[in-house]
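Input: a single structure, listed below in structure tokens.
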Number of protein chains: 2
Amino acid sequence: MARDEAPSNPFNDKDALLANVALLYYGEGLTQSEIAKRLSVSRPTIVNMLRECRDRGIVEIRVDGEVLAASALSRQLVARYGLEDAYVSRCRIGGDKPPARGESLAQLARVAAMAVLDVVRPGDTVGVAWGETIKSVADAMPRQPVEDVTVCQMIGSMVSDRVAASEDCAIRIANCLNASCYTLHAPAVLSSRDLAASLRSEPTIAKQLERLQRLDVAIYSIGNTDPDTHLIAAGIATKDQVADAVDAGAAGILCCRYIDLNGNPVDLPPNERVVAVEVDHLRAAKRKLVVIAGQDRLRAAQAILNGKLATHLCVDEALAVALLQAD
Amino acid sequence: MARDEAPSNPFNDKDALLANVALLYYGEGLTQSEIAKRLSVSRPTIVNMLRECRDRGIVEIRVDGEVLAASALSRQLVARYGLEDAYVSRCRIGGDKPPARGESLAQLARVAAMAVLDVVRPGDTVGVAWGETIKSVADAMPRQPVEDVTVCQMIGSMVSDRVAASEDCAIRIANCLNASCYTLHAPAVLSSRDLAASLRSEPTIAKQLERLQRLDVAIYSIGNTDPDTHLIAAGIATKDQVADAVDAGAAGILCCRYIDLNGNPVDLPPNERVVAVEVDHLRAAKRKLVVIAGQDRLRAAQAILNGKLATHLCVDEALAVALLQAD
DNA sequence: CAATGTATTTTACAAATGTCAAAACGAAAA
DNA sequence: TTTTCGTTTTGACATTTGTAAAATACATTG
């Protein structure tokens, strides 16, 4: 009976022992010394085993998403904006200064990761965006298989010095969900409108874009139109182009496309050269999980909410309060 | 906006804070002191919050079932007995004396609880037996919703001084899976054959028994025919009746019914007075998770395996070794 | 057989956690 | 306003865990 008899099970005898040790510690509540005694090894060996369990995902520690959506702020956001659910992350209370952006984003990402598990159901086709926020969510995801799920990359490939390549988010989330993954084999933005149109007509890409027209779930964030927006940092748009878009009414940037305060697309450069899901196709998804960090994104968040572009909202406390205080 | 606007969410603002604290501790890896500082509370308050999270299932700590099925013993059992999966629990290594039954059962129950989450799929109809072993499994289950699952009690109601009422296991497992639950509103054993037949014909009970004929998953254990069997302890059969059954070839007791070494039913008292799933209907289930503790149940385990009454086996190490050493 | 590399054990110590009793605090009721 | 009750804080201490260096053990290689 060769080891590769069950090629789908990549674990071995030692791994099974690790799993048993994890059950004794986390499940039975034995101390490391008690376990070491039972297994006739030293306590540091047990420490190493438990660390390996956590590091490799043999043990997963999950927080109930439903509880995360239960706060007063969450309920008020649901009532105010007609959402199915709202998740508000809190990482600091009181004090005279608010949390740093990194600290807040880290906790928001964890909350959103739990929200993903709440929102995604067996059989779903899930579109995943790309950006610093979505990348953090992907990093925070535990391994939780969901049956028959397909994950699709919604924005063409792009490399930024701030975030890894855009297919990375989709692949990572697909791995956590044990899902099939369809990446979008095209740059997010082309050099000319004609070239972008040609690429969209390529059968493999056309098929993938067609898939993005009938998503069950879409997971995305929204960017600012501030001068430090990712679009400029990634060389996709110039400062002047973004300024022109703002003048024309752009309130936020959604999957590389501008939207105005009512959630309608603003068709200005580089929109015609972009290869990504259309705003209206996002709006058509049954469940839309939008993750937004920071009070500075209030206007962009309002564009999302006014444009019915979210069914499930995940924000930090500062943005939640700002959304509730806004007219 | 009244609190009962979302009646399906029974949690509140404080619960949401607990969940956030849990994410900071288990997810971010902050110490209790760091969290206390951030939230402007005392460290014992954080200790209490984390304990409440664990106690109420706001936090769940899970071990990957696939890893538990990866040991050498598991692979050998799969190969030897043609199983889909085998889970072997280990709670003690080496030493000159084996683990106590209670210690072994506790760990086996935890392993089996993880196995349940591996085996049950969305849309499944799941039959659940009753007994000390299955009760322990139910107690060890984490809260893990699985879509559209129906849980059915397979053995009529019975109260024992050793285990709670038999519908308890089914209800508890149903709650963990967020499943519908159908209990079997009849005693497990009646005083006469005619009365049992009449009860089986009652529409509600007949419907429930009919449901048990087409199970996707069945979860059960098997009992011994020793004098200390539950059947005698519960007053269902006398010592003489059990002895007669053994003389007639009974090797084990499965859902209150005798089976011989080939897994065939042995139709002796109190079989005709029993209200429970039929052995052949168990055999017909697509996935059969059988949980057996103790080397003393070798013969009963062999009856199960010979009779194709298990697709997924969950045993402790002593029984695993005994099964592999048997002819 | 000796040398080498890897893993575990031993030992120690700092940090974190668990637990608890007494005191303090704040809200609600009388 | 006072009393009562529940919760939290304070302070302390025992236990457990995390971490690390040195020693030991064992398997592999030349």
Side-chain angles (χ1 to χ4, degrees), chain A residues 3 10-63 67 70-72 90-96 103 106-107 110, chain B residues 3 10-63 67 70-72 90-96 103 106-107 110:
Chain A
R3 176 75 161 260
F11 300 102
N12 61 25
D13 203 52
K14 180 175 179 284
D15 296 333
L17 179 60
L18 294 183
N20 272 271
V21 166
L23 279 176
L24 290 170
Y25 184 73
Y26 290 108
E28 188 82 8
L30 299 185
T31 66
Q32 293 167 357
S33 298
E34 284 171 320
I35 298 173
K37 198 174 180 182
R38 282 197 188 188
L39 301 190
S40 305
V41 295
S42 66
R43 190 175 68 77
T45 299
I46 298 299
V47 174
N48 288 337
M49 284 177 161
L50 291 170
R51 177 188 298 118
E52 190 171 345
C53 283
R54 292 190 296 268
D55 287 349
R56 290 174 52 196
I58 292 174
V59 164
E60 291 285 356
I61 306 181
R62 270 191 52 187
V63 174
V67 186
S71 69
R90 301 168 84 181
C91 60
R92 192 173 282 275
I93 283 177
D96 46 349
E103 177 186 310
Q107 178 73 346
R110 294 194 188 283
Chain B
R3 177 70 161 261
F11 300 103
N12 62 25
D13 203 50
K14 181 176 178 284
D15 297 333
L17 180 60
L18 294 183
N20 272 271
V21 166
L23 278 175
L24 290 169
Y25 185 72
Y26 290 108
E28 190 82 8
L30 299 183
T31 66
Q32 293 168 354
S33 298
E34 283 171 322
I35 298 172
K37 199 172 178 182
R38 283 197 186 187
L39 301 191
S40 305
V41 296
S42 66
R43 191 177 67 80
T45 298
I46 299 299
V47 173
N48 288 339
M49 284 177 162
L50 291 170
R51 178 187 299 118
E52 189 172 345
C53 284
R54 291 190 297 270
D55 288 349
R56 290 173 53 195
I58 292 173
V59 163
E60 292 285 358
I61 306 180
R62 269 191 53 187
V63 173
V67 185
S71 69
R90 302 169 83 182
C91 58
R92 192 173 283 273
I93 283 178
D96 46 348
E103 177 186 311
Q107 179 73 347
R110 294 191 190 285

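To find a chain, count down the sequence lines: A is the first, B the second, and so on, and within it residues start at 1.
We find that CG of A:Asp55 is positioned 12 Å from P of D:dG18, with the value rounded to whole Å. Atom CG of B:Leu17 is separated from atom P of D:dT8 by 11 Å (rounded to the nearest Å). Counting to the nearest Å, the P atom of C:dA16 and the CD1 atom of B:Ile35 are 12 Å from each other. Here C:dT17 presents its P atom at 13 Å from CG of B:Leu24, a figure rounded to the nearest Å. B:Met49 places its CE atom 15 Å from the P atom of C:dT17, with the value rounded to the nearest Å. Distance OH (B:Tyr25) to P (D:dT17): 10 Å, rounded to an integer number of Å. Going from atom CD of A:Glu34 over to atom P of C:dG18 covers 15 Å, rounded to whole Å. The separation between B:Leu30 atom CG and C:dA15 atom P is 18 Å, rounded to whole Å.
Of the listed nucleotides (C:dT19, D:dT8, D:dT17), D:dT17 has the atom at the smallest distance from the side chain of A:Gln32. The side chain of B:Thr31 sits closest to C:dT17 out of D:dT19, C:dT17, D:dG18.
For the residue pair A:Arg54/B:Tyr26, the side-chain donor-acceptor check at 3.5 Å is not satisfied.
Side-chain atoms of A:Glu34 come within 3.5 Å of backbone N or O of A:Thr31 as a donor-acceptor pair. No donor-acceptor distance shorter than 3.5 angstrom exists from the side chain of A:Arg43 to the backbone of A:Ser33, with no hydrogens or angles considered. A:Arg62 contributes no side-chain N or O that, together with a main-chain N or O of B:Val59, makes up a donor-acceptor pair within less than 3.5 Å.
If you check every strand for non-hydrogen atoms under 4.0 Å, B:Ser42 touches a base.
Heavy-atom nearest nucleotides on DNA chain D were determined for B:Pro44 and for A:Arg43, and the one closer to the 5' end corresponds to B:Pro44. Each of A:Asn48 and B:Lys14 was assigned the nucleotide of DNA chain D with the nearest heavy atom; the assignment lying further toward the 5' end belongs to B:Lys14.
Atom CG in B:Leu39 sits 6.0 Å away from atom CG in B:Leu17 (nearest 0.5 Å).
Close to D:dT9, at under 4.0 Å from its OP1 or OP2, lies a side-chain N or O of B:Thr45.
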